[in-house]
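Only one structure is covered here, and it is reproduced in the block below.
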Amino acid sequence: MSKNKQTAIVPIREQNYAEWYQQVIKAADMAENSDVRGCMVIKPWGYAIWENIQRALDIMFRETGHRNAYFPIFIPKSYFEKEAEHVEGFAKECAIVTHSRLEPDGAGGLKVAGELTEPYIVRPTSETIIGASFAKWVSSYRDLPLLINQWANIVRWEMRTRLFLRTAEFLWQEGHTVHETEAEAMEETRKMLGVYATFAKEFLALPVIQGEKTESEKFPGAVTTFCIEAMMQDKKALQSGTSHFLGQNFAKSSGIRYQSRSGEFEYAWTTSWGVSTRLIGALIMAHSDDNGLVLPPKIAPSHVVIIPIYRNEEEHEQVITFAKELEKQFKQLSFEGVKIYTELDDRDLTSSERNWYWIKKGIPVRIEIGPRDIAQNTVMVARRDQEPRDKEAVAVENLVSFIPTALSAMQEGYYQRALAFREENTVEIDDKDQFYKYFTPKNSGQPEIHGGFANAHWCGSEVCEEQIKTDLKVSIRCIPFESKEEAGKCICCGKESRRRVIFAKSY
RNA sequence: CGGGAUGUAGCGCAGUCCGGUAGCGCGCUCGGUUCGGGACCGAGAGGCCGGAGGUUCAAAUCCUCUCAUCCCGACCA
């Protein structure tokens, strides 16, 4: 084994970002491709992150008045057909169940049988099936608002997949709400986007830009789509969550009507919003480094690993006893409302082997305990946000305050680092040539990391949007809520523009 | 669905051009020495070479067909 290796992950980010991403996942043992095309197996370390995401978000949903429910994974084709735009948007990526039975084929195998009278679509999203229920649940304005969330798996038959970022099956949460008025529905749409933005910041240490999608980028069937966009370390944008104002489109197609205060029948106003396991991809690409996964402590499956170091059985005994005592003390610890979990890694591997194992998994704090430490009643502490070799001797009695403090500092540090990175790579551009130059790699054969977020004027025309997409593979990520009215010239056609939008390459 | 590539041990690969009955590294198992920055020694297990047909005394290797995967495009959270 070479001792000259500089980094735990090969290739490093700047050599081949896409490959680096795959290797980080593999090194941290988070997930793997399954034999089922396009589907992933989420392994315990990756799934624990998802569970932490779920736990935190679920509380936020609950606090904003939502309740969880569960709807069928199968959607009758006829439900799907009711909303024209919706059909158009998802038709090309549906898995369809047409049969209900297997029979012997006479050659030792099985053949499908029992054709269904109506095919079922495996949900790519649930607006239509949930709408059918909502139509029954809602009859009066007194039934509103109806605030429902479901945690589920969904299937979108993607042609090209990447672990966590785009898989044929993925896990997500979809909120579906029904409101009496347009204003209330719009407020809900905004509110839940805000919840996502807060969650991203507070838990994922991920700074996001909130904004509105353009007509061509919005959800099929929505009137308006809001999104949170985050910058990854290759300066590309990742849509990390969406919230849709559906107007009365789905209410009309599903028949969600209520009797108003004046006794009239009115179509309700609905919203839907979701985040998925893609957030884990965001997490990886926003924070990880050339030594592997880096996890914001508030979302990490475990926070501290204790690595006993010893030379013989006698020392082992002494060190392990000491380590177990510490582990016990740590069980009481928490930081910012998050319980601290500790690993004790006493595997028969060299200490450095164990250290690197946990570095690659992104555990925030590593604690080495050897005979020398016990003699001095200290331990050596290393943080994932510092160099692998940087260690600090900490007195044992200070650990219970040191650890939570370090975790909080790391959480904040990662956010600040990601925010600084995004700001460094966000520019205002008013010149078309400069814009094209900004998004053109110097080495076209193997493009280097380039570009970023470009704040530029856009006239609002889909023609210009499409032109830039064709020329540069750059799209309008969103029209930020924060963008203020400002006279300017469209970066593409030069016509009058009222505001800047964010252009970027995206996932 | 178009263009390109690849299928050989759990993983990564060599062997294919030029046919002769399968090898390397890592990992794994056992024993021992190690352990404060990716250890070492010794022993061992593990492969009908993606599948089907063909050519041949003989096929991982040549031919035909097929299946699968990956990359690049069109599409997407």
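Order of the sequence lines sets the chain letters (A, B, ...), proteins ahead of strands, with each chain counted from 1. Values below: all heavy atoms of this structure, side chains included; hydrogens, waters and symmetry mates excluded.
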When all nucleic acid strands are considered with a 4.0 Å heavy-atom cut-off, which category describes [X]: base, sugar-phosphate, or nothing?
{"X": "A/Q239", "result": "sugar-phosphate"}
{"X": "A/I307", "result": "nothing"}
{"X": "A/R347", "result": "nothing"}
{"X": "A/S506", "result": "nothing"}
{"X": "A/L165", "result": "base"}
{"X": "A/R37", "result": "sugar-phosphate"}
{"X": "A/F170", "result": "base"}
{"X": "A/I359", "result": "base"}
{"X": "A/K469", "result": "nothing"}

Presence of [X] side-chain N/O under 4.0 Å of [N] phosphate oxygens OP1/OP2:
{"X": "A/T350", "N": "B/rA39", "value": "yes"}
{"X": "A/K92", "N": "B/rC1", "value": "no"}
{"X": "A/S352", "N": "B/rA39", "value": "yes"}

Within this structure, what is the [atom1]-to-[atom2] distance between [X] and [N], rounded to whole angstrom?
{"X": "A/E217", "N": "B/rC75", "atom1": "CD", "atom2": "P", "answer": "11 Å"}
{"X": "A/I309", "N": "B/rG36", "atom1": "CD1", "atom2": "P", "answer": "6 Å"}
{"X": "A/N33", "N": "B/rC11", "atom1": "CG", "atom2": "P", "answer": "13 Å"}
{"X": "A/Y310", "N": "B/rU33", "atom1": "OH", "atom2": "C1'", "answer": "14 Å"}
{"X": "A/Y196", "N": "B/rA77", "atom1": "OH", "atom2": "P", "answer": "14 Å"}
{"X": "A/M285", "N": "B/rA77", "atom1": "CE", "atom2": "C1'", "answer": "12 Å"}
{"X": "A/H316", "N": "B/rU34", "atom1": "NE2", "atom2": "P", "answer": "15 Å"}
{"X": "A/M40", "N": "B/rA77", "atom1": "CE", "atom2": "P", "answer": "16 Å"}

Expressed as a whole number of Å, how far does the [atom1] atom of [N] sit from that of [M]?
{"N": "B/rA74", "M": "B/rU16", "atom1": "P", "value": "38 Å"}
{"N": "B/rC17", "M": "B/rA60", "atom1": "C1'", "value": "14 Å"}
{"N": "B/rA14", "M": "B/rA9", "atom1": "P", "value": "12 Å"}
{"N": "B/rG36", "M": "B/rA45", "atom1": "P", "value": "32 Å"}
{"N": "B/rC71", "M": "B/rC65", "atom1": "C1'", "value": "25 Å"}
{"N": "B/rG20", "M": "B/rC49", "atom1": "P", "value": "15 Å"}
{"N": "B/rA22", "M": "B/rU61", "atom1": "P", "value": "14 Å"}
{"N": "B/rU69", "M": "B/rA59", "atom1": "C1'", "value": "24 Å"}

Should the pair [X]-[Y] be classified as a salt bridge under the 4.0 Å nitrogen-to-oxygen rule?
{"X": "A/K469", "Y": "A/E465", "value": "no"}
{"X": "A/E229", "Y": "A/K213", "value": "yes"}
{"X": "A/R383", "Y": "A/D390", "value": "no"}
{"X": "A/E127", "Y": "A/K82", "value": "no"}

Looking only at side-chain atoms of [X], point me to the closest of [options].
{"X": "A/S276", "options": "B/rC35, B/rG37, B/rA77", "answer": "B/rA77"}
{"X": "A/A8", "options": "B/rC75, B/rC35, B/rG38", "answer": "B/rG38"}
{"X": "A/D373", "options": "B/rG36, B/rC35, B/rA77", "answer": "B/rG36"}
{"X": "A/R311", "options": "B/rC35, B/rA77, B/rG37", "answer": "B/rC35"}
{"X": "A/E353", "options": "B/rC35, B/rG36, B/rG38", "answer": "B/rG38"}
{"X": "A/K26", "options": "B/rG38, B/rU69, B/rC11", "answer": "B/rC11"}
{"X": "A/E158", "options": "B/rG36, B/rG73, B/rA77", "answer": "B/rA77"}

Strictly by Watson-Crick or wobble contacts shorter than 3.5 Å, is anything paired with [N], and which nucleotide is it?
{"N": "B/rA59", "answer": "none"}
{"N": "B/rC26", "answer": "B/rG10"}
{"N": "B/rG47", "answer": "none"}
{"N": "B/rG2", "answer": "B/rC72"}
{"N": "B/rG36", "answer": "none"}
{"N": "B/rG31", "answer": "B/rC41"}

- Going by heavy atoms closer than 4.0 Å, what residues in residues 385-399 of chain A are next to RNA chain B? A/P388, A/R389, A/K391
- A/R354 and A/S352: side-chain donor and acceptor closer than 3.5 Å? no
- How do A/E368 and A/K473 order along RNA chain B: which one's closest nucleotide is nearer the 5' end? A/E368
- Message: Both A/A18 and A/G370 contact RNA chain B. Which one's nearest nucleotide lies toward the 5' end?
- Response: A/G370
- Checking A/T189 side chain against A/S243 main chain: does a donor-acceptor pair fall under 3.5 Å? no
- Answer yes or no: is there a donor N or O on one side and an acceptor on the other, between the side chain of A/R384 and the main chain of A/K361, under 3.5 Å? no
- Item | A/F226 and its ring pair (Phe, Tyr, Trp, His ring centres under 6.0 Å) partner, picked from A/F481, A/Y196, A/F245 | A/F481
- Message: Is the positively charged end of A/R162 above the ring of A/Y507, judged by distance under 6.0 angstrom from the centroid and angle within 45° of the axis?
- Response: no
- Message: Looking at A/F170, I'd like to know if the NZ or CZ of A/R278 sits under 6.0 Å from its six-membered ring centre while staying within 45 degrees of the ring's axis.
- Response: no
- Query: Nearest heavy-atom pair of A/R123 and A/A152: which atoms, and what distance?
  - Reply: NH2-CB, 3.4 Å
